[in-house]
Amino acid sequence: MQETSQRTEPLSGEWQRLLGTELEQPYMRELSVFLRERKRQGAVVYPAGGEFFAAFKACPFEQVKVVVLGQDPYHGPNQAHGLSFSVRQGVAIPPSLKNIYAEMETDLGLAPPDHGHLQAWANQGVCLLNSVLSVEQGQAGAHQGRGWERFTDAAVRALAEQREHLVFMLWGSYAQKKGQFIDRQRHLVIKSPHPSPLSAYRGFLGSKPFSRCNDYLGVTGQTPINWALTD
C-alpha cells in the first residue's frame, strides 16, 4: 500500500507475516487511491500517513495480551497518532478518554493522569486498535466503508484464532459487532457501552473492565497490566 509504506514497511514481524498479503489485496489498493485523491482534493487526513499502522508497531503480535478496540481516530487537530483513544503529551484529554480515566479511578483507585498518551499500555501488550485507521478533520466516520474494516477484521481474527487467553475490550456496538466471531471459551470478552459522554452513563461507568482484565490475566498465568500512567 503505497500511501502508508513510505520509506519503511508499514508492518513487521508476525504482523507482516500474517497481514502482509492483505496490503496487496485490491481493496487496499483502492483505499490507497482514495486516500491520495482525498488529500489531492484538500482534505486534512488524520493521523499522518506514517502513523496509520502505529498500533501494530507499538504492540508486536506475539506480545499482545489485551485488545482495546476503538471505532475510528480522533478527528481534531493534533489528536490522532495511531493508537485508539490516545493523544500525545501536551494535547488536551478528549472526553471519551476522561471517562476511561474516571472508570479506571473507580475500578482501581488510580488517580487520573494529566495526559492522554497511552503508549505505556501498548508497551505492556495492550493493542490500541481502531476499526478504521484514518479520518478527516471534523468528520467522524469519514473513512468508514472504504476498506479499513476488512483489514482490521483480519487483524482481530488472527489474534483470536492464533493466540489464547487474550482480553478483548469491546466498547460500544460498533466494536461489539466487530468482535462477534471471537471464541469466548478461548478469550475473555468484556463488553460495555462506549466511553463517549453520549453513552458512558449507560453502563460503561461501573463496568470494571480493568480489574476484570487483570483478574483474568492473573488466572491464566500472565502478568497483569499496570494501568497507571505516571510518566
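All residue numbers refer to positions in the sequence shown, counting from 1. Hydrogens, waters and symmetry mates play no part in the numbers below; they use all other heavy atoms, side chains included.
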Assess whether side-chain hydrogen bond (donor to acceptor under 3.5 Å, both in side chains) is satisfied between Q41 and E37, documenting all intermediate values.
CA-CA 6 Å; Q41 293 169 352; E37 183 61 22; 3.0 Å; yes

Going through the checks in order, is the side-chain contact (heavy atoms from CB on, under 4.5 Å) test met by L205 and T106?
CA-CA 8 Å; L205 297 174; T106 301; over 6 Å; no

Pair Y174-E149, side-chain hydrogen bond (donor to acceptor under 3.5 Å, both in side chains): steps then yes or no:
CA-CA 11 Å; Y174 194 90; E149 293 95 337; 3.2 Å; yes

Go through the steps for E164 and T220 under the test side-chain contact (heavy atoms from CB on, under 4.5 Å), then give the verdict.
CA-CA 10 Å; E164 290 187 349; T220 54; over 6 Å; no

L110 vs E105, side-chain contact (heavy atoms from CB on, under 4.5 Å): CA-CA, chis, key distance, verdict:
CA-CA 4 Å; L110 297 174; E105 182 174 23; 5.7 Å; no

One pair to check against side-chain hydrogen bond (donor to acceptor under 3.5 Å, both in side chains): D107 and S211. What are the steps and the verdict?
CA-CA 7 Å; D107 188 8; S211 60; 2.6 Å; yes

Please evaluate residues H165 and Y216 with respect to the criterion side-chain hydrogen bond (donor to acceptor under 3.5 Å, both in side chains), reporting the C-alpha separation (whole Å), side-chain torsions for both, the decisive distance (0.1 Å), and the verdict.
CA-CA 8 Å; H165 305 315; Y216 179 82; 3.3 Å; yes

Derivation of the side-chain contact (heavy atoms from CB on, under 4.5 Å) call for K57 and S12
CA-CA 7 Å; K57 295 179 182 178; S12 61; 5.6 Å; no

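The two residues I93 and G116 make their nearest non-hydrogen contact at CG1-N, 3.9 Å. Nearest heavy-atom pair, S192 versus G203, reported as atom, atom and distance to 0.1 Å: CB-O, 4.2 Å. The two residues A55 and C127 have their closest heavy-atom pair at O-SG, 4.4 Å. The shortest non-hydrogen separation linking H187 to F168 is CG-CE1, 3.8 Å. Of all the heavy atoms in P47 and A80, the pair that sits closest is CB-O, 3.5 Å. A pairwise comparison of heavy atoms in R163 and F61 identifies NH1-O, 2.7 Å as the closest pair.
Taking NZ of K178 as the reference point, atom CG of N130 lies at 10.0 Å (rounded to 0.5 Å). The CG atom of N214 sits 13.0 Å away from atom NZ of K208, with the distance rounded to the nearest 0.5 Å. Note that CG of L170 is 5.0 Å distant from CD1 of I182, once rounded to the nearest 0.5 Å. Once rounded to the nearest 0.5 Å, the distance linking CG of L19 with OG1 of T21 reads 7.5 Å. A distance of 12.5 Å separates CG of L97 from OG of S196, quoted to the nearest 0.5 Å. Between E14 atom CD and L159 atom CG the span is 11.0 Å, to the nearest 0.5 Å.
Within the 4.5 Å cutoff, the side chain of W227 has heavy atoms near those of the C213 side chain. The shortest distance between side-chain heavy atoms of P209 and R212 does not fall below 4.5 Å. Residues V91 and H81 have side chains not in contact (no heavy-atom distance under 4.5 Å, counting atoms from C-beta outward). Looking at heavy atoms from C-beta onward, S134 lies in side-chain contact with W148 at the 4.5 angstrom threshold. Counting heavy atoms from C-beta on, the side chains of N99 and P197 come closer than 4.5 Å. Using a 4.5 Å cut-off on side-chain heavy atoms (C-beta onward), F34 and E30 make no contact. The side-chain heavy atoms of F56 and P10, taken from C-beta on, include no pair separated by under 4.5 Å. Considering only heavy atoms from C-beta on, V66 stays 4.5 Å or farther from L166 through its side chain.
Note: F53 and F151 meet the aromatic proximity criterion, with ring centroids under 6.0 Å apart. Taking the six-membered ring for Trp and the full ring otherwise, the centers of H194 and F85 sit less than 6.0 Å from each other.
A tilted orientation is assigned to the rings of W121 and F210, their planes being inclined by 30° to 60°.
Distance alone, capped at 3.5 Å, is enough to place a donor-acceptor pair between the K65 side chain and the T223 backbone. A side-chain donor-acceptor contact under 3.5 Å links Q79 to the backbone of G76. Proximity of a side-chain donor or acceptor of E24 to a complementary backbone N or O of G20 within less than 3.5 Å is not detected. Looking at S131, its side chain never comes within 3.5 Å of a backbone N or O of D72 through a donor-acceptor pair. Not a single donor-acceptor pair under 3.5 Å links the side chain of S199 to the backbone N or O of P195. A donor-acceptor pair is defined here as one N or O able to donate and one able to accept, closer than 3.5 Å; no such pair exists between the side chain of R150 and the backbone of R146.
For the 3.5 Å distance criterion, the side chains of Y46 and E136 fail to qualify, holding no donor opposite an acceptor.
Cluster annotation: Y201 is connected to I100 through the hydrophobic network of ILVMFWY side chains, with a link wherever side-chain heavy atoms come within less than 4.5 Å. Note: the hydrophobic cluster containing V135 does not contain L69 (ILVMFWY, side chain heavy atoms under 4.5 Å, direct or indirect links). Under the 4.5 Å side-chain heavy-atom criterion for grouping Ile, Leu, Val, Met, Phe, Trp and Tyr, F204 is not connected to L198 through any hydrophobic cluster.
Annotation: Y27, atom OH; neighbour count of heavy atoms from other residues, nucleotides and ligands within 6.0 Å is above 12. Other residues, nucleotides and ligands contribute more than 12 heavy atoms inside 6.0 Å of the CG atom of D215.
A salt bridge does not link E161 to R186: none of the charged nitrogens lies less than 4.0 Å from a carboxylate oxygen. Under the 4.0 Å criterion applied to side-chain N and carboxylate O atoms, R88 and E51 are assigned as salt-bridge partners.
A side-chain contact (heavy atoms from CB on, under 4.5 Å) with V126 is found for exactly one of L83, V68, V167, V67, namely V68.
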